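A short write-up of the structure that comes next.
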Amino acid sequence: MNADPVQEIPGGDAFPSITDLGATGPAQQELHRRAWTATRSRFGDSVFVRGVVEISNHCRENCHYCGMRRENRDLKRYRGRLDSLLELLVHRRPGSITDLNLQAGEDPVAVREIAIPLIQTLRRETPLGISVCLGTLSKDLSAELLEAGATTYIIKFESSQEALYRSFEAPGTLAERLSHIRWLAGNGWNVSSGFISGLPGQGIEGLLGDIQAALDLPLIGCSVSPFVPGESTPLRDASSGGFDPTLNAMALLRILRPDWVIPSVSALNIVGADLGYRGGLRAGANLCTINLTPTEMRGDYLLYKRDRFIMDEDRVLSAIAQEGLTVSRKSLAAFLAAQTQDHS
Ligand code: 5AD
């Protein structure tokens, strides 16, 4: 299922290399052009548009990079209300979205009380494809989410460097996280993963290792998020991840996996000045996300900063239009289901 991550290209250099990852100027333009072409050959001019609702900011984990870590006492904790979320998603969702992602800190209570009943109703009353990003849950709870009707599990491995993973107190051990990803993929889920580019101490070799680690996993997609130092976190004074290496990592993933779903992430707007999010679309992204979290909850969903750049429907649709792209009418879930059938 996985392509061989290391390809030989004319001239004998391994691909991808640190040189590719550090590309700037014309070499970078060429890299992004190749990624763009690979994306268009596989997906045409359309990109998937999903909504995300951040249903709870309670979290039992303690990741140093994340503002929702359990030791952050500056944060007001919330769980969304099932009835108002249902009203929003069944009756008032933007017309452009075909899929919905439910996201939360690692909070099994919110999974049972909000996510599962929400998914059951949405599957009955809407055509939305459903993904979840809810952390490392028990096998039983994961199976209940699948049974309710979610089809994609988003679970980042964050960093492929064991020492970094451990020092930032990311969930469990790196080996456990990777094996959970494999378990999900072997038990009915489409799995999308991701890593953070520019984590303090990562280095460019580390970022290359993250790309290789992603390619070794049984995934349908992968995100690359630039590190943004979080308020009220132990990494608050660290520098942000770079825009260029983040885009280059996305482009390399796209070239090596033309079939993957690669999102453009809103943090690109924080590290990427004017181009921001659109840079992601130029470097091979084919998925955009509209933030639908009700405003009264949004401020406390603190991955990094309170003044994070919110991608509402207008901003997402205008980024897509500015890049000459269109919104897919087919849901990501339907696309993935058709792909699985082709391979069986
Ligand atoms: N910078 C970039 N990404 C972050 N995440 C959490 N904190 C940060 C940060 N400071 C990402 C992690 C996590 C996802 C929900 O958000 O990859 O899995």
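Just so you know, ligand 1 is whichever comes first in the structure, and atom 1 is the first atom listed for that ligand. Here the structure is a predicted model, which is why all the values come from computation and not from measurement.
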Judged by non-hydrogen atoms, does C133 sit under 4.0 Å from ligand 1?
no
What's the verdict on side chain to side chain contact (heavy atoms under 4.5 Å, CB included) for L217 and R182, showing C-alpha distance, side-chain angles and the deciding distance?
CA-CA 7 Å; L217 289 168; R182 292 180 187 282; 3.7 Å; yes
the protein heavy atom lying closest to atom 8 (C) of ligand 1 turns out to be Y65 O, 3.8 Å
So which protein heavy atom does atom 17 (O) of ligand 1 come closest to, and at what separation?
E158 OE1, 2.5 Å
Near F227 (heavy-atom distance under 4.0 Å), the atoms of ligand 1 are 1 (N), 2 (C), 10 (N)
Distance under 6.0 Å and angle within 45° of ring axis: R34 vs W36
no
Considering heavy atoms of the protein only, find what lies nearest to atom 11 (C) of ligand 1 and give residue, atom and distance to 0.1 Å.
I196 CD1, 4.4 Å
For ligand 1, which is the ligand I care about here, please tell me if V228 has any N or O atom under 3.5 Å from one of the ligand's N or O atoms.
yes
Is there side-chain contact between T37 and S41, with at least one heavy-atom pair below 4.5 Å?
yes
Starting from atom 14 (C) of ligand 1, locate the nearest protein heavy atom and write down its residue, its atom name and how far away it is, to 0.1 Å.
K156 NZ, 3.9 Å
For the residue pair F157 and Y165, is the inter-centroid distance of their aromatic rings smaller than 6.0 Å?
no
Return the orientation label for the F168 and Y65 ring planes: parallel under 30°, perpendicular over 60°, tilted otherwise.
perpendicular
Taking E87 first and then R92, would you say they form a salt bridge - that is, a charged N and a carboxylate O separated by under 4.0 Å?
yes
Of the protein's non-hydrogen atoms, which lies at the shortest distance from atom 2 (C) of ligand 1, and what is that distance?
P226 O, 3.2 Å
